[in-house]
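A quick write-up on the structure given underneath.
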Amino acid sequence: MSFHRFDYDVIANWIEPGERVLDLGCGDGSLLRYLSSVRQVRGYGVENDPERLLACARNGVNVIQIDMEQGLAGFDDGFFDHVIMSLSLQAMRNTQGILREMLRVGREAVVSFPNFAYWRHRQSILNGRMPVSKNLPYQWYDTPNVRFFTIDDFDSLCAGEGIVIRERLAFDDGKVIVDEANFLASVALYRLARAGCGTG
Amino acid sequence: MQAQPIATSDAQSVGLVVPQTAHFDEPLPLKSGGALPAYDLVYETYGRLNATRSNAVLVCHALSGSHHVAGLHADGGVGWWDNLVGPGKPLDTERFFVIGVNNLGGCYGSTGPRAINPATGKPWGADFPFVTVEDWVDAQARLADRLGIERFAAVVGGSLGGMQALSWTLQYPDRVAHALVIASAPKLTAQNIAFNEVARQAILKDPEFHGGHYYEHGVVPTRGLALARMIGHITYLSDDSMDQKFGRSLRHAKPVFSYDVEFEIESYLRYQGDKFSGYFDANTYLLTTKALDYYDPAFDYAGDLVAALGRARADYLVVSFTTDWRFAPSRSREIVYALMHSDRRVSYAEIDCPAGHDSFLLDDPQYHAVLRAYIDNIKV
């Protein structure tokens, strides 16, 4: 899945130097490499795809091969400062489970996902076809995505799960969308915490 | 002696190698109490030590391995990890100076139960002291001193060899940059010890064992040793790989109602057992399985592996195999999580390979690609 620098920069701004960071579905490890260089994080990636695992090893990134669908058993509570899942939540079946796990092992979670309610996607559906776009580059029959949700859907899940949204940024084509994000933004990034965990 | 390239069809072989012997006169204190007064270590080296002595890699062997890691002996014997070590191979001898050493208590030339006990003038036999993973590492460190190696670029091992690699980083944290811990465990489970105990009982109950002093009787407890090896082989393979290899194939195409070999798996196990008992030493087998059983770096830390790893300074690659049930992936993950929680740099690959524990000796493409990728990033 493609990754954009604006995504990196937002995440880096949410991270203090020297933090412990866990990147779930870390791909080739390029985000962790970026965070190591600009924030000197102690980073670990989780990846279950053999090719991407190999890419991480080549990139010199710490990578741990486990199936996230099974949760993060083995990771201590609160060990990480930030647990990141970038553009992968929509490909996870156990959505609530992984969000709980992220906020169990991390002080904060950072989540980004493609907004299925983006206006171009709506237009595509109105025209009778499933959306295919830069952020949803797959056909309906070969997509790795298994959960199709919107910014409003995610806000409502967080409310139901007792997850505090500390910050939310929405984008279209690298530009910040402030108003009508659920209509105008193609990607959203969240900084999340457990309810009753102080301010951050 | 350096490995000399010889004409071979395998351009990636280190070629002909001649083992060397290092003698040590300073007694080696042992974890079991007492000390080994003097001893020899047999070893081999491949590649060249660079000017800054920063490119040395130690390869530690498992239960039945030896110092002969790579290349060819004059008798044609190929090193046990020749597919990994050589010019252009994942552990590239063009870049690294690789050392293989036979551990103390072994039967390939390093001082072991067959050697003469200076106190009695007779072979040590059963009186050879218990040696542990930690003792082996201490002895290996003395060999490193002898070879002028202050710090290893990496220590590598599979199974029991992986325990040595891990132990290196705890006993000599400043002398190891990277540890590659493959198909290993932070300690054996009860089930794993149980298999070792059955193997030991097979040897100990062999009438030719003579309390471990069979050398003096001019006999060898081959039946016990063969049985021990047969049990081992069953646990080194997966159910699927055994089925794939042998299935229910019958030598006579139909049952003949006999205790002689009928099923091909019987033939395989008997062959492996007999072959092994022809060259391996029963006392070495006993000692080595006990070393496996005793290894538990967290023991002195009330079972807290994270606390035990607190001293470590190395970076790690941990690898396991999905079908390995003797050293299951869950055991490797214990190491990985403990290292991560000790703030060590660690990567972990779980290789989907059908061959069970033996997978670590094979050249599965993903396995070797991961090793190569990791090793390529080791700075010398």
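In what follows, chains are A, B, ... by sequence order, proteins preceding strands, each numbered from 1.
- Proximity to chain A (any heavy atom under 4.5 Å) is shown, for Asp376(B), by neither the backbone nor the side chain.
- Here the closest heavy-atom approach between residue Phe80(A) and residue Met340(B) is recorded as CZ-SD, 3.8 Å.
- When Tyr374(B), Tyr316(B), Tyr348(B) are compared by the number of non-hydrogen pairs under 4.5 Å with chain A, Tyr348(B) comes out ahead.
- At a 4.5 Å heavy-atom cutoff, the contact between Phe75(A) and chain B is made by backbone and side-chain atoms alike.
- With a 4.5 angstrom heavy-atom cutoff, Arg345(B) touches chain A via backbone and side-chain atoms both.
- For Asp343(B), the parts lying near chain A are the backbone and the side chain together; criterion is any non-hydrogen pair under 4.5 Å.
- With a 6.0 Å radius and a threshold of 12 heavy atoms from other residues, nucleotides or ligands, Asp152(A) has its CG atom above the threshold.
- Of all the listed residues (Ser347(B), Ala373(B), Ala349(B)), the one sharing the greatest number of non-hydrogen pairs under 4.5 Å with chain A is Ser347(B).
- Comparing Glu334(B), His341(B), Arg372(B) by how many heavy-atom pairs each has under 4.5 Å with chain A, the most go to His341(B).
- Other residues, nucleotides and ligands place no more than 12 heavy atoms under 6.0 Å from the CZ atom of Phe299(B).
- Heavy-atom neighbours of chain B within the stretch residues 57-72 of chain A, taken at a separation under 4.5 angstrom, comprise Ala57(A), Arg58(A), Asn59(A), Gly60(A), Val61(A), Asn62(A), Val63(A), Ile64(A), Gln65(A), Ile66(A).
- Both the backbone and the side chain of Val370(B) come within contact range of chain A, each with at least one heavy atom under 4.5 Å from a heavy atom of that chain.
- Counting heavy atoms from C-beta outward, Tyr337(B) and Asp76(A) have side chains that stay 4.5 Å or more apart.
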